Trainee: 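Please read through the structure below; I'll follow up with questions.
Just so it is clear: chains get the letters A, B, ... in the order the sequence lines come, proteins before strands, and each one is counted from 1. Values in this document were obtained by computation on a predicted structure and should not be read as measured data.
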Amino acid sequence: MRYWLMKSEPSEYSIDDLMRAAKKTTPWIGVRNYQARNFMRDDMQLGDQAFFYHSSCEEPGIAGIVEVARLAYPDATQFDYKSKYFDSKSTRAKPRWVNVDVRLSKKTRLVPLTELRSCPELAEMLVLQRGNRLSITPVAPAEWEFIMGLAQRAPRDAD
DNA sequence: GCCAACGTTGGC
DNA sequence: GCCAACGTTGGC
């Protein structure tokens, strides 16, 4: 069992969208980066857990916990010319992009990026590294446990 | 909106 | 296979 962090722009798909989804499950479509794809295709297993991270928004940070509910399969949007994720070089015989399905385990308080950055325990965390842009990154077990602790704590005072 | 950092593309 | 140009990500 492995741990991950998966980024989504809440204007595209937020933790609340996932709460409203049927079976609280969604296909993690739209990944168009080979490294991130390979994590889904080669490494993700059923039951793996992931932080649902809100990016490119007012308050970036971890918004909840999800679980891998279906192993990687071809991402349908790559074949849909009307989709922003359409890839003209991908074929059904040889699909280039895949997605897993994730199911909401629970929504947490928003643990802001700034708070994560302030924790020496998380100094090595991949998503916090300079210049990191990967939308899916592995999370070390110790980092996972630490953040789970943070998430159960009351939000910081905002002064 | 800016821009640093990184990935991808394509000419050679 | 190199690498410059270009595109994208994502925090600020």
Trainee: Can you list everything that forms a side chain to side chain contact (heavy atoms under 4.5 Å, CB included) with Ser55(A)? Sequence neighbours excluded, please.
Mentor: Lys7(A), Glu9(A), Tyr53(A)

Trainee: Check whether Asp75(A) reaches the backbone of Gly30(A) with its side chain - one donor and one acceptor, N or O, closer than 3.5 Å.
Mentor: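 Pair found, side chain donor or acceptor close to backbone of Gly30(A).
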
Trainee: Tell me, please, which residues at least two apart from Arg96(A) pass side chain to side chain contact (heavy atoms under 4.5 Å, CB included).
Mentor: Tyr34(A), Arg37(A), Gln78(A), Asp87(A), Lys89(A), Ser90(A)

Trainee: Heavy atoms, side chains only, cut-off 4.5 Å: are Phe52(A) and Val102(A) in contact?
Mentor: no

Trainee: On DNA chain C, which is the earliest and which the latest nucleotide, 5' to 3', with an atom closer than 4.0 Å to a heavy atom of chain A?
Mentor: dG7(C) to dC12(C)

Trainee: Is the closest basic N to carboxylate O distance between Glu115(A) and Arg109(A) below 4.0 Å?
Mentor: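 Salt bridge between Glu115(A) and Arg109(A), a charged N being under 4.0 Å from a carboxylate O: yes.
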
